[in-house]
Amino acid sequence: MRSCNSLECGDVFKECIEQFWKVEEITPISTISSISQELDLDELFKRHLTPAEDDRYVVRIPLRGELTQLGDSLEQAQRRLFSLERRLSWHEPTYDEYRKFMREYLEMGHMTPVQANELHMVRCVIPHSCVIKTDSTTTKLRVVFDASAKSSSGVSLNDIQAIGPVLQPDLMHIWLDFRTQTVVATADIAKMYRQIWVAEPDTWMQCILWRNDPQQSAQMYLLRTVTYGEASSSYLACRALHEAGQEVRSTYPKIADVIQKSFYVDNLPIFKNYVIFEPASKGHS
């Protein structure tokens, strides 16, 4: 029995030693390559980042493939639109909410119609549908875009987009910080993705079909902002937010820390230890 126990302990010890050496190993080549790709992506972001007239950022969509890999996407987008209309026709209140969402998209300039003489410039047509959040206090219905839909070549728009690294702290880190504070406040960024413009050449790869009435002809639109449902969108939105923090760091370092270290996507718990404005006088808080 003692011999058996000794063998088991020896195996455990050997396993621990192996794990120790694995932890101490030099970073594998694949990880180094990944870090190199992240640096290249960040350099690409900074090189093409420009300000818009409304002081928002204009970004380019990072690709890891070629647009020529995409086949025809129009036929599927048409088929998906007709199917969507049939489903929505069974529930008119939802259909009205969908129309309202798309009307707002158009009125805000986040999508614009493609003219007949510009249709040859369209590179990809993305199907769309909706998600409904009954507990939402703002937008209960949100249109989402399926950039993972395969084109006729078997390649989707998401297949050729770079995903990008995670830039924000993990949720557990933020949650633990939040739980240690006595006084907290929360905030969020409205329409976070849509606060960022996409450079005009890249908008042609994110087009959609839409019509308010099935009796009308479907109209082609191009989406002018970072779009929910695309592989690179999370990276672009978080990277733009990080850039906003960097811009104010020299003047407002505390605000920069909040922007760069405390957001989880578009949600911000503001902690007591990140006091931005000092009290006007003693006795006030």
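Values reported hereafter were calculated over all heavy atoms of this structure, with side chains retained and with hydrogens, waters and symmetry mates removed.
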Q: Of all the heavy-atom pairs spanning Arg60 and Ala199, show the shortest one and how long it is.
A: CD-CB, 3.2 Å
(Q) Which heavy atom of Leu70 sits nearest to which heavy atom of Arg123, and what is that distance? (A) CD1-O, 4.1 Å
Q: Indicate yes or no: at least one non-hydrogen side-chain atom of Glu230 is less than 4.5 angstrom from one of Met205.
A: no
Q: Evaluate whether atom CD of Glu92 has more than 12 neighbouring non-hydrogen atoms of other residues, nucleotides or ligands under 6.0 angstrom away.
A: yes
Q) Are Arg194 and Phe101 in a cation-pi contact, defined as NZ or CZ under 6.0 Å from the six-membered ring centre and within 45° of the axis? A) yes
(Q) Please evaluate residues Thr112 and Thr203 with respect to the criterion side chain to side chain contact (heavy atoms under 4.5 Å, CB included), reporting the C-alpha separation (whole Å), side-chain torsions for both, the decisive distance (0.1 Å), and the verdict. (A) CA-CA 10 Å; Thr112 55; Thr203 59; over 6 Å; no
**Q.** Spatial distance of atom CE (Met102) from atom OH (Tyr98) [nearest 0.5 Å]
**A.** 5.5 Å
Q | Donor-acceptor pair between Ser83 and Arg87 side chains, under 3.5 angstrom | A | yes
**Q.** Min side-chain heavy-atom separation Arg80-Leu209 under 4.5 Å
**A.** no
Q. Do His110 and Tyr193 have side-chain atoms, one donor and one acceptor, less than 3.5 Å apart?
A. no
**Q.** Cluster check Leu49, Trp197: I/L/V/M/F/W/Y, side chain < 4.5 angstrom
**A.** no
Q) How long is the gap from CD1 on Ile259 to CD on Glu247, to the nearest 0.5 Å? A) 9.5 Å
Q: Would you name the heavy atoms of Arg86 and Trp90 that are closest together and state the gap between them?
A: O-CD1, 2.9 Å
(Q) With clusters defined by side-chain heavy atoms of hydrophobic residues (ILVMFWY) lying less than 4.5 Å apart, directly or transitively, does Ile132 cluster with Leu84? (A) yes
(Q) With a 4.0 Å cut-off on N to O distance, would you call Asp257 and Lys254 a salt bridge? (A) no
Q. Just wondering, more than 12 heavy atoms not from Glu53 lying within 6.0 Å of its CD?
A. no
Q) Hey, is OH on Tyr252 packed in by over 12 heavy atoms from elsewhere, all under 6.0 Å? A) no
Q) Where do Glu243 and Arg239 land on the salt bridge (Lys or Arg N to Asp or Glu O under 4.0 Å) test, with the steps shown first? A) CA-CA 6 Å; Glu243 189 69 20; Arg239 183 62 183 82; 2.9 Å; yes
Q: Take Leu236 and Tyr57, measure what side chain to side chain contact (heavy atoms under 4.5 Å, CB included) needs, and give me the verdict at the end.
A: CA-CA 10 Å; Leu236 289 173; Tyr57 292 129; over 6 Å; no
Q: Find out if a path of hydrophobic residues (ILVMFWY) with successive side-chain heavy-atom gaps under 4.5 Å connects Met192 to Val58.
A: no
Q | Expected output: side-chain Ser233 to main-chain Thr227 donor-acceptor under 3.5 Å | A | yes
(Q) Does Glu75 have more than 12 heavy atoms from other residues, nucleotides or ligands lying within 6.0 Å of its CD? (A) no
Q) Step by step, would you call Trp204 with Leu67 a side chain to side chain contact (heavy atoms under 4.5 Å, CB included)? A) CA-CA 11 Å; Trp204 297 101; Leu67 283 172; over 6 Å; no
Q | Heavy-atom side-chain contact between Pro165 and Leu41 under 4.5 Å | A | yes
Q) What are the two closest non-hydrogen atoms of Gln161 and Ala231, and how far apart are they? A) OE1-N, 3.4 Å
Q: Show your reasoning for whether salt bridge (Lys or Arg N to Asp or Glu O under 4.0 Å) applies to Asp96 and Lys100.
A: CA-CA 6 Å; Asp96 288 341; Lys100 179 182 176 182; over 6 Å; no
Q) So do Leu223 and Val198 actually touch side chain to side chain, heavy atoms under 4.5 Å? A) no
Q.
With rounding to the nearest 0.5 angstrom, report the OG to CG distance, Ser234 to Asp266.
A. 10.0 Å
Q: Name the orientation class of the two ring planes belonging to Trp210 and Tyr95 (parallel below 30°, tilted from 30 to 60°, perpendicular beyond 60°).
A: perpendicular
Q: Search all heavy atoms of Leu106 against all heavy atoms of Pro113 and return the closest pair with its distance.
A: CD1-CD, 4.1 Å
Q.
Could you check whether any side-chain heavy atom of Tyr235 comes within less than 4.5 Å of a side-chain heavy atom of Ile163, counting everything from C-beta outward?
A. no
Q. For Asp159 and Arg64, what are the C-alpha separation, side-chain angles and deciding distance, and is it a salt bridge (Lys or Arg N to Asp or Glu O under 4.0 Å)?
A. CA-CA 8 Å; Asp159 288 336; Arg64 61 179 179 179; 5.2 Å; no
Q: For the pair Gln76 (side chain) and Ser152 (backbone), establish whether a donor and an acceptor sit closer than 3.5 Å, ignoring hydrogens and angles.
A: no
Q) Under the 3.5 angstrom rule, does the side chain of Gln195 hit a backbone N or O of Ala190 as a donor-acceptor pair? A) yes
Q: Side-chain contact test, heavy atoms from C-beta onward, threshold under 4.5 Å: evaluate it for Met121 versus Leu222 and give yes or no.
A: no
Q) Where do Ile196 and Ala237 come nearest, in terms of heavy atoms and distance? A) CD1-CA, 3.5 Å
Q | Pair Glu85-Arg211, side chain to side chain contact (heavy atoms under 4.5 Å, CB included): steps then yes or no | A | CA-CA 10 Å; Glu85 290 174 337; Arg211 57 186 177 182; 2.7 Å; yes
Q | Distance in Å, Ile126 CD1 paired with Ser151 OG, rounded so as to fall on 0.5 Å steps | A | 12.0 Å
Q | Min side-chain heavy-atom separation Glu118-Met220 under 4.5 Å | A | no
(Q) When you compare the side chain of Leu74 with that of Gln78, does any pair of heavy atoms fall below 4.5 Å? (A) yes
**Q.** Interatomic spacing from CD1 in Ile61 to CG in Leu157 - rounded to 0.5 Å
**A.** 7.0 Å
Q) Looking only at atom types and distance, does a side-chain atom of Gln69 sit under 3.5 Å from a main-chain N or O of Gly154, one as donor and one as acceptor? A) no
**Q.** CE-NZ distance between Met108 and Lys191, expressed to the nearest 0.5 angstrom
**A.** 5.5 Å
